[in-house]
Structures are given as structure tokens and as C-alpha cells.
Amino acid sequence: MPAVHIHNTLTGELAELKPIAGAAGPATFYTCGPTVYDDAHIGNFRSFLNADILRRTIELTGTPVRHVMNITDVGHMTDDTNADGAGEDKMAVAGRRLLEAKKSGKIHADVAIDANDPMAIADFYANRFLEDARLLGLKVAIEAQGDPSLMPRPTKWIKQMLDMIKQLIDRGHAYVASDGAVYFNVKSFADYGKLSGNTLENLREGEGGRISAQHQAAKKNPGDFMLWKPDRHHVLKWDSPYGAGYPGWHLECSAMAAGLLGAEIDIHSGGEDNIFPHHECEIAQSRCAHNKPSFARVWFHTRHLIVEGEKMSKSKGNFFTARDLFAKGVTPAALRLEITRTHYRTNANFTMQGLADCQRMIDRWSRTADVLQVKIAAASGTPNSKSNPPLVASQSITAPENNASGISTNTNANHNAPTGPLEIALPRFTQALCEDLNMARAIAALNEAVAVEDNSACAHRELAALHKMNSVLGVLERNTQVANSGDADFEAKVNALIEVRAAARRNKDFAASDRARDELLSLGVQIKDGATGTTWTRTVRV
RNA sequence: GGCCGAGUACCCAAGUGGCCUAAGGGAACGGAUUGCAAAUCCGUGAUUCGUGGGUUCAAAUCCCACCUCGGCCUCCA
């Protein structure tokens with residue numbers, strides 16, 4: 001198996017992944033997750049899904065991964081540095097927005113949620129995030145159903161954060177300032193700025209007017225960042241030796257990563273905007289609190305997604321959440337592929353055309369899987385459970401050596417020699433991903449293999465190879481529209497029209513059959529006449 | 001203003017000194033199929049890599065300048 005190499009933001013070089021725990025793993029991986037004061041948008045999901053692709057790639061090479069992703073439920077202030085209450089808690093803002101959404105009908109008014117309760121708001125959006133994430137195949141979100149500790153919430157980790165603050169004060173890296181807040185002293189950590197390339201001098205120049213003079217004056221250095229903010233008026237507050245208040249927002253990741261994965265971890269990921277200040281500050285806190293030579297060995301950052309060539313923004317009307325797109329008929333598979341197929345270190349351009357391109361690719365892979373399934377069933381003499389007639393003649397199957405479960409009982413001498421195109425493509429696919437997650441080349445390897453006619457006798461081995469590739473791509477199992485299910489009336493109407501059309505065609509009344517087809521189209525339904533009858537999907541409209 | 005990344009066909013996108021007269025997918029066009037479509041299958045497609053210079057036997061790939069886009073510079077995936 002080739003080793004996974006990825007670009008390490010910390011060094012600017014390609015790093016071979018060697019788990020701290022040894023070759024057998026597990027590799028420890030922490031991903032900065034969402035702050036749940038609103039629905040996650042597709043840009044958020046690009047960074048989460050790229051982390052997922054990396055995690056699945058490592059697993060493809062045979063190394064298990066322990067992946068943790070936080071869900072931030074502490075509101076934090078819209079302006080964290082302002083003490084006089086001019087900044088507002090993000091959860092409070094979210095509560096107001098939620099009330100407005102209910103009034104305008106965007107969210108069902110009967111959604112039982114108290115907009116004045118920050119934890120209820122956080123739970124509401126956390127659940128919506130988890131729904132979207134599972135639909136998109138974010139593995140950690142699927143695993144967290146069985147083990148919630150894999151997606152920790154900072155409000156449950158306040159004690160550990162306070163322990164860390166104490167440790168930092170004791171070691172001389174943090175101090176209580178005249179304004180009552182606890183700050184980290186950046187001058188006490190020589191490597192501060194190493195991750196982002198920011199020097200303390202540059203930072204001083206770049207103050208940008210966002211830091212109030214009052215608090216700047218209380219700090220020892222302009223770059224010092226907050227660890228604890230005493231604030232009796234904050235929506236969420238906890239008791240502490242520094243007064244009731246709330247933790248600095250960098251602290252949660254340091255505390256949870258250490259608590260769940262260890263003081264040193266293999267990989268830490270996030271969006272490119274996390275590099276500074278968030279990850280820079282995490283490194284400073286973690287290394288100083290734990291007195292370790294490194295925090296994360298490899299830092300993995302995904303560049304931002306742009307939409308139709310422009311920065312995504314609500315005012316431009318190119319701002320999409322995953323659920324917006326699902327409601328329009330986009331399959332989770334197509335969305336997943338569209339936002340992960342471009343290399344993670346370039347700005348990906350999300351387009352509706354691209355989404356359609358991805359859907360076509362996935363449909364073709366899916367058909368290949370179906371054909372292989374049918375061949376396997378035919379070879380083993382098992383009747384196809386789906387009652388579909390075989391789509392492809394199975395005369396190429398020469399040896400009844402396989403069973404339907406795909407487990408080989410073959411004892412042929414050339415058992416290990418790849419024979420079919422997918423099996424031959426698998427090492428190229430794996431190699432491409434191991435070279436800094438080259439998705440485009442991996443996908444090309446799969447596409448080329450799918451285009452080759454498979455004359456090999458080993459359908460089950462071909463299918464196994466396809467499933468291996470899909471274990472990273474994660475698309476075959478989620479290639480269905482979310483929007484379709486649950487509307488029985490609509491489905492009945494569609495099926496009735498399809499039957500009307502079929503009857504008209506049998507009578508050679510083509511004018512009537514075309515009318516039925518047009519009517520379906522106006523309902524947003526696209527039909528496909530297949531060998532086994534007519535199927536339909538919702539057309540994707542934007 | 002400082003620092004950093006990127007510009008490859010109609011669109012998405014790989015390739016980072018010779019195997020590139022540039023991968024893969026989509027669109028478009030032509031053919032097969034279809035009552036006609038859709039879907040599917042087959043075929044066609046950049047002498048050229050933002051612009052202008054330079055280095056080299058050799059450049060999309062290295063260097064310089066310029067243009068455009070994106071990111072960070074204490075909210076942000």
C-alpha cells in the first residue's frame with residue numbers, strides 16, 4: 001500500500017503520514033466543525049467533506065482513523081473583543097433570526113423551540129447540521145450516532161478549558177489583565193506565527209481597527225488573545241476563578257482535541273480562514289499548556305469555494321445550503337462529488353453545470369455496479385432479488401468460482417493478478433489520492449476503467465474494486481433525491497400520468513402521450529423509458 | 001498597504017522542465033437507438049496553456065513585469 005502524502009500548512013511541504021500510534025494506527029484527526037447558529041452552507045461542507053475524503057483515503061490504505069469533529073454550541077460574541085456589550089452573542093442573533101423565519105414561514109411555526117434559549121437554538125441547528133452531514137456521507141457524523149463523543153460540544157468541556165487556562169497561567173504563558181480578562185501572552189511562545197507566516201510586527205500593523213483601544217491597552221502585547229472573558233451579561237456564562245463569563249473561542253478545540261485524541265495529534269484540519277488566528281492560537285495554547293514540541297503534526301487546510309465564478313454571498317443570490325439544494329432535487333451524491341472533486345488547495349468553482357456533470361458520472365458508475373451485480377447473481381445461480389432481468393448477457397462468465405456475497409472461493413493460480421479494468425484501475429486510483437488527494441486523477445482512473453468493456457470472468461472482484469474506490473468517493477449509496485420521498489400525493493399523480501402516457505403509446509395515440517409527457521415536465525418531472533419500464537426523477541431547477 | 005494562492009478548450013478540471021502535437025468529465029456537433037423525445041452507446045474536440053518579455057538544446061511547467069480573481073492581516077469552512 002502506498003503511504004498518504006499531504007501538504008502540511010505548517011511546513012509548506014508534502015508530508016508522509018506516519019501515525020504517532022505507529023503504523024497500525026489509529027491516526028488521530030481533529031477537524032474544526034461548524035458553529036451552529038445557522039444552517040451550514042456548501043462552503044462549510046467543502047472543508048468538512050475534504051477532511052472526510054482525507055480520512056477515507058487513509059482508511060483505504062489500511063490505517064484506521066480516529067476522527068473527531070466539534071460542534072460549537074457556545075455562541076461567542078459577534079465582536080469578541082468588545083466588553084461594553086456592543087458585541088452581541090451569536091446565539092442571541094440566531095434566536096431572533098429563528099423567530100423571523102417562523103413568522104415568514106421559512107421554518108414551520110410549530111417547530112418547538114424557545115428562541116430565547118441559546119442551548120435550544122444550538123441543538124436545533126446542530127440537528128439540522130447532522131442531518132445534512134449524514135446525507136452527504138460525512139463519516140464522523142454517521143459514527144457519532146453510535147459514539148456521540150466523536151462530535152463534542154464545547155459547553156460540556158468548560159472544566160477542561162478552565163484547567164488549561166490555569167496551566168497556562170501557572171507556566172507563565174497567560175495573565176489576568178486590568179480589564180479582568182485572561183489573555184495569552186504571545187511573546188511567551190517563540191513559534192507564534194509559524195503556521196500563518198504572520199510576524200508579530202505584521203500583526204501589529206494589521207490591527208484593522210477591530211480591537212477596541214480600551215482592551216488593547218489592558219493587554220501586554222497587541223497580539224495577545226483572550227482565554228476567558230468575565231461577563232455577567234453574556235447569554236451563556238459559567239463560574240470561574242476569573243469571574244462568571246465565557247471562554248475564548250480558540251480554547252475549545254485545544255481542550256477537546258487533547259481530551260479526546262491526546263496532547264499531540266496526527267492531523268488537524270479546517271478551512272483556510274482558520275489558519276489565522278484560530279489555528280495559530282490553538283497551537284500556542286496547546287503546546288504551552290502541555291509542554292509538547294508539537295500539537296498537530298500535519299495541518300490540512302481547504303481553500304474556499306466560490307460559486308459560478310464569484311464569492312458566495314447572500315446578496316448576490318449565490319449562497320446555498322445543502323438543504324436548499326436537496327430541496328431542488330440535487331442528490332447528496334452529486335453535491336458531495338461536486339464540492340470535493342477539485343483539489344482542496346485551489347478555490348473550487350461550484351456551478352449548477354458542474355452538479356449536472358457529477359450526476360452523470362455517478363449515474364454511469366452506478367450502472368456499472370448494477371451490471372456487475374447482475375453478473376454475480378447470474379454466475380451464482382441466485383435469482384436476482386430485484387426481479388430485474390439481467391441487463392447484460394452473462395456469457396462472459398466462465399467459471400462458477402464466486403458466490404453472491406462477493407467473497408472469493410477461488411483457488412486459481414492467478415488469483416491475485418488483476419484482470420478486469422476496475423481492478424487494474426484501483427492502484428492508480430489509490431496512488432492519485434495518496435499524492436496529496438489528487439481527486440481529479442483518481443476520478444479519471446475510474447472513468448477510464450468504466451469505459452472499458454469488461455471481459456474478465458471476475459465480476460465479484462470488479463465489484464469489490466469499485467466498492468473500494470467508492471469507499472472514498474462515497475457516492476453510490478447516496479445517489480437518490482431527498483426531495484422525492486414523503487409526498488405520496490405527488491407520487492400518485494406522477495404515476496397516474498405515466499400510466500396515461502403508456503396507455504396512449506400502446507394505442508399509438510402519440511399526441512396524447514406527448515401531452516402527458518409535457519404535463520409531467522411542467523410538474524418538474526423528467527421521465528426515462530428503460531427496458532423495464534418508465535422511471536422518473538425531479539428535474540433540478542435553480 | 002503587508003503577506004499568500006490561482007489564471008489551461010464553451011463549462012468544470014489534471015498536468016509543474018523533454019513520454020504534452022495537454023488527462024478525465026460535461027456541453028455542443030455527427031452517428032446508433034426512439035413514434036418523436038429523454039436516457040443510453042459510438043465518434044469529433046485546445047499546434048495551445050491570462051498578457052508581454054527572459055532563461056534553456058527543450059517551458060503550460062523556471063525567472064521578471066503587468067492584468068484579473070481569491071484568501072489572510074484578531075467574526076468566518
Side-chain angles (χ1 to χ4, degrees), chain A residues 9 12 31-35 40-51 76-81 87 90 186 196-199 201-211 215-216 222-226 248-250 269-278 280-281 301-306 308-312 337-339 341-343 345-361 363-364 367 391 432 438-448 450-451 504-505 508-511 513-514 517-518 520-521 526-531 534-537 539:
Chain A
T9 309
T31 294
C32 281
T35 302
H41 56 69
I42 55 175
N44 301 128
F45 273 113
R46 166 141 129 119
S47 110
F48 305 147
L49 289 177
N50 272 138
H76 298 302
M77 306 301 270
T78 52
D79 179 359
D80 262 350
T81 57
K90 284 180 181 170
V186 292
S196 59
N198 282 324
T199 63
E201 286 66 35
N202 282 346
L203 294 178
R204 201 164 327 183
E205 287 162 14
E207 281 168 26
R210 288 194 197 165
I211 301 164
H215 290 282
Q216 212 51 318
D224 289 356
F225 56 91
M226 196 183 77
W249 77 287
H250 309 303
S269 82
E272 60 175 322
D273 56 321
N274 279 155
I275 296 171
F276 191 88
H278 187 49
E280 194 75 78
C281 296
H301 292 105
T302 293
R303 285 202 175 279
H304 281 181
L305 185 72
I306 59 174
E308 306 285 355
E310 286 191 286
K311 194 171 161 179
M312 181 163 59
L337 190 63
E338 168 67 359
I339 60 183
R341 67 174 168 150
T342 302
H343 192 260
R345 279 190 292 114
T346 61
N347 290 114
N349 188 11
F350 174 91
T351 62
M352 293 318 289
Q353 169 79 71
L355 219 39
D357 295 357
C358 287
Q359 188 60 62
R360 283 198 174 237
M361 275 194 268
D363 284 344
R364 186 180 306 137
R367 247 175 280 126
L391 299 172
N438 194 330
M439 280 288 274
R441 241 171 58 206
I443 291 167
L446 173 52
N447 278 329
E448 281 167 18
V450 162
R505 291 183 74 207
K508 304 249 186 277
D509 182 356
F510 297 122
S513 85
D514 288 352
R517 186 169 65 200
D518 288 345
L520 283 162
L521 217 50
Q526 178 67 59
I527 53 169
K528 291 181 194 175
D529 291 333
T534 299
T535 58
W536 62 278
T537 50
T539 49

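Naming: A, B, ... by sequence-line order, numbering from 1 per chain.
Nearest to the side chain of A/K528, among B/G35, B/A77, B/A39, sits B/A39. The nucleotide whose nearest atom lies closest to any side-chain atom of A/D514 is, among B/C41, B/G35, B/A77, B/G35. For A/R341, counting side-chain heavy atoms from C-beta on, the closest listed nucleotide (B/G24, B/G5, B/A14) is B/G24. Side-chain proximity of A/Q353 to B/A27, B/G71, B/A23: nearest is B/A27. When distances are taken from the side chain of A/F225 to each of B/U74, B/G35, B/A13, the shortest belongs to B/U74. The side chain of A/E448 approaches B/A23 more closely than any other nucleotide in the set B/C72, B/A14, B/A23. Looking at the side chain of A/D529, the nearest of the listed nucleotides B/A77, B/A38, B/C41 is B/A38. Closest to the side chain of A/N438, out of B/A37, B/G70, B/G15, is B/G15. Of the candidates B/G26, B/C12, B/G35, B/G26 carries the atom nearest the A/R360 side chain, counting heavy atoms from C-beta on.
Screening residues 347-360 of chain A for salt bridge (Lys or Arg N to Asp or Glu O under 4.0 Å), with sequence neighbours left out, gives no hits.
No donor-acceptor pair closer than 3.5 Å links the side chain of A/E280 to the backbone N or O of A/N274.
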Inset, instruction - Under 3.5 Å for both distances, Watson-Crick or G-U wobble, that's the pair rule; now give the dot-bracket for RNA chain B, with | marking pairs to another strand and [ ] for crossing ones. - result: ((((((((.[[[..)..(.....]]].(((((.......))))).....[[[[[..)....]]]]])))))))....

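B/G5 and B/C62: their P atoms are spaced 12 Å apart (whole Å).
Between the side chain of A/R517 and the base of B/A37 there is at least one donor-acceptor pair of N/O atoms closer than 3.5 Å. For A/S513 against B/G35, a side-chain-to-base donor-acceptor contact under 3.5 Å is present.
Within the 4.0 angstrom heavy-atom criterion, no nucleotide atom of any strand lies near A/T302. Using a 4.0 Å heavy-atom criterion, one finds that A/K311 contacts the sugar-phosphate atoms exclusively.
In this structure, A/H304 counts as stacked on the base of B/A77 under the 5.5 Å centre distance and 30° plane angle limits.
Contact annotation: A/N447 side-chain N/O to B/G24 OP1/OP2 distance is not under 4.0 Å. Between B/C72 and A/R303, no contact under 4.0 Å exists linking OP1 or OP2 to a side-chain N or O.
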